[in-house]
There are 2 protein chains.
Amino acid sequence: MPAIKDVARRAGVSVATVSRVLNDHPSVRPDTRERVLAAVADLGYRPNAVARSLRTDQTRALGLVISDVLNPFFTELARSVEDAARELGYSVVIGNADERPELQDHHVRTLMDRRIDGLLISPTDGGSPMMQAAARAGTPMVFVDRWIEGAGLDEVPVVRTDGRAAIRDLVAHLYALGHRRLAIISGPAATTTGRERVDAFRSALREFGLVLSNDHIGQGDFQADSGRRVTARFLGLPHPPDAVFAADNLMALGAMDEIRARGLRVPDDVALAAFDDIPWFLHTDPPITAIAQPTGALGHAAVTALVDLVEGRPAESVTLSARLVTRRSCGEPEGSTP
Amino acid sequence: MPAIKDVARRAGVSVATVSRVLNDHPSVRPDTRERVLAAVADLGYRPNAVARSLRTDQTRALGLVISDVLNPFFTELARSVEDAARELGYSVVIGNADERPELQDHHVRTLMDRRIDGLLISPTDGGSPMMQAAARAGTPMVFVDRWIEGAGLDEVPVVRTDGRAAIRDLVAHLYALGHRRLAIISGPAATTTGRERVDAFRSALREFGLVLSNDHIGQGDFQADSGRRVTARFLGLPHPPDAVFAADNLMALGAMDEIRARGLRVPDDVALAAFDDIPWFLHTDPPITAIAQPTGALGHAAVTALVDLVEGRPAESVTLSARLVTRRSCGEPEGSTP
DNA sequence: CCTCCTTGTGGAATCGATTACACGGAATTG
DNA sequence: CAATTCCGTGTAATCGATTCCACAAGGAGG
């Protein structure tokens, strides 16, 4: 693989001149530029990004640490992040934490070692040491979807979706269809989205004169299995819920499995709804009512904020809003007969 | 961020000694080692991977270029690749080609610029210039799932799944359930998996005394929309097929949409099956019969082969086999009554 | 006791780029 | 016509590591 000095030799100039041509510095005579470009083409020369990074102290790469690649919400997020970054001339290096704090830490460390220009994180747990170290070291950093409070991380901008209004709409929808015993499968208490969705759900219930008993709050971990486990507990109660809201799509899937395994039907016996809408929800039996996040916009906003930080501009937190998409999993839509 | 010279100063030794401690070179006196390690801990020093890469000419990073992140098959593959690579001490940088040749080229170029140690590709098209350049430049390279013949790429090991036997099993299954007019939604002719799956399907039909008419071959592009389009054409034929086999999961989804949009039912009016099994197929209405690839093993084998190449050992092509997973989308399973 | 080898350490070259500074020659100005 | 500015280019320092070579001190062997 040719280096800059090979190009210089072939073009009969110094490496400095080659570098100037490559970074189109103004003061290079047109014919010299021509000669250099010809040499570059002849040799198929491509600048070594590693060397360039060492010298300029920037890699033009962003790190993205997500909680679970197998979750369609996150892969859609990853895709939009990559698109947005590419438009701005950055690459994205993805790390999958698999909802495991130690893996999350591994990726943050690796990304820092590789000196990525900025870090986009959707944190799995409360506050990992590496993230604090990164923040303290002044690495540009932005949280997406979930975030962490305290631990010196309060200055980190957050790009997220506010689901309160949509959750209220969902509760109204369930109420209108006659459901009164509502339950929620929440995410881990350590995650902000875990707590926030429960709070919003509880307030919405109160608005309709209902209470959310502790029996009807089950803690999951955003994975399908936990959804199944919590649902099993719900259905074993003396007064099982007649509607279950899962705080993410995978747990909804687990819930559906459990309901079906007991020979019950959705929505006739138990209504089901999920946070995070994904294409597959259209094709399940029945199609699942969900709260959709504007994933593309989320990824775009997160990259914009992070790149602002990286390039020395101030960045702001962004909150987008989610919306309810009603399908058949909570009962027949209004206006139609069963 | 502290550099090696800061550690050296604090420990009262030279940078050479610090480097020796870090790479645990034998000839360092225990107490010196101790002092260096203490300095490292005090400063929270982490070696700069960029500088190290420049000097050693290896990045300990592998590039993975996949055709479509939104396709669950590929995200599962990406996950297993990352797992396997991490175990061997490598990072993975993922590029999503989105089934677009020019994006694929962009990613190959970017990864080469970053001097990744090896390249894992599931090619989108016939033979892109950058890939040939990479192969010519001697970059270790392995194809996964799909591959390219000719163009100087014949030496590149291929890690893939052979679906012939499973496709034969599928045709037998369809035949047993009374289906005789079978159709296939194939992938792009430029991809090997596209052609291979059609060939296997055709031979299997012949085995059962059936012929695959050209009317019953529709070309898709591995995306949901194309599945829908092709299915629309099938259903508009004077003699529409009574079973449709989609060569990947997204096209199967599109097919299902179209069938349902016309008020037809799966499997009563049209049977449906797909290549690539994914968790969601359990939850669709009806659950979809599919041919499952051993995705985890595929990713693992691909990384093993690539790392062998990277570390100077010879690597071999690997072919695993797929298996049929029958569900209800082709008709009631044998032995049960409708 | 002198030589030779081993062990632990430091100095300096190196990887491939970028960029501050210097310099020669041409062009501009008074 | 001399002085000054500007333009295009080259030399060399630099980024942060690794590693070859040199060298000093200490131990072993004759």
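What you see is a predicted model, and the numbers here were worked out from it, not measured in a lab. Naming convention: chains lettered A, B, ... in sequence-line order (proteins, then strands); numbering from 1 in each chain.
Relative to the side chain of B:T56, the nucleotides D:dT18, D:dG16, C:dA17 differ in distance, and D:dT18 lies closest. Considering only the side chain of B:A16, C:dG11 comes nearest among D:dT18, C:dG11, C:dA17. Nearest to the side-chain atoms of B:R52 among the listed nucleotides D:dT11, C:dA17, D:dA17 stands D:dA17.
Remark on DNA chain D: of its neighbouring residues A:S27 and A:V15, the 5'-side contact belongs to A:S27, judged by nearest-heavy-atom nucleotide. Judged by closest nucleotide on DNA chain C, B:R20 is the one of B:R20 and A:M1 placed further toward the 5' end. Where B:G12 and B:L54 each meet DNA chain C at their nearest nucleotide, the meeting point lying more 5' is that of B:G12.
The shortest distance between the side-chain N/O atoms of A:N23 and the OP1/OP2 oxygens of C:dT18 is below 4.0 Å. Put simply, A:R29 has no side-chain N or O that comes within less than 4.0 Å of OP1 or OP2 on D:dG8. Between C:dG8 and B:T32, no contact under 4.0 Å exists linking OP1 or OP2 to a side-chain N or O. Contact annotation: A:S19 side-chain N/O to C:dT18 OP1/OP2 distance is under 4.0 Å. Listed pair A:T17 / D:dG10 meets the phosphate criterion, a side-chain N or O lying under 4.0 Å from OP1 or OP2. Residue B:K5 has a polar side-chain atom (N or O) positioned under 4.0 Å from OP1 or OP2 of D:dG16.
Going from atom CZ of A:R100 over to atom CG of A:D221 covers 12.5 Å, rounded to the nearest 0.5 Å.
Atom pair B:N48:CG and C:dC15:P shows a separation of 19 Å (rounding to whole Å applied). Atom pair B:H25:NE2 and C:dG8:C1' shows a separation of 9 Å (rounding to whole Å applied). Rounded to an integer number of Å, the gap from CD of B:Q58 to P of D:dA17 is 16 Å. Remark: P of D:dT14 and CD1 of A:I4 are 19 Å apart, rounded to the nearest angstrom.
Contacts of residues 35-45 of chain B with DNA chain C (heavy atom under 4.0 Å): none.
When each of A:V142, A:V81, A:V307 is paired with A:L62, the side chain to side chain contact (heavy atoms under 4.5 Å, CB included) condition holds for A:V307 and for no other.
Contact of the B:P47 side chain with the B:I4 side chain is not registered, since no non-hydrogen atoms from C-beta on lie closer than 4.5 Å. Considering only heavy atoms from C-beta on, B:V144 stays 4.5 Å or farther from B:I121 through its side chain.
Salt bridge absent: B:D113 and A:R52 never bring a charged side-chain N and a carboxylate O closer than 4.0 Å.
In this structure, B:V18 reaches neither bases nor backbone, as no heavy-atom distance under 4.0 Å exists between it and the strands shown.
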Output a table of donor-acceptor pairs, distance under 3.5 Å, between side-chain atoms of residues 294-305 of chain B and any protein atom two or more places apart or on a different chain; print 'none' if there are none.
residue: B:T295; atom: OG1; partner: B:Q293; partner atom: O; Å: 3.2
residue: B:T304; atom: OG1; partner: B:H300; partner atom: O; Å: 2.8

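The local environment of CG in A:D57 is sparse, with at most 12 non-hydrogen atoms from other residues, nucleotides or ligands closer than 6.0 Å.
If you check distances only, the side chain of A:R55 does reach the base of D:dT14 with a donor-acceptor pair under 3.5 Å.
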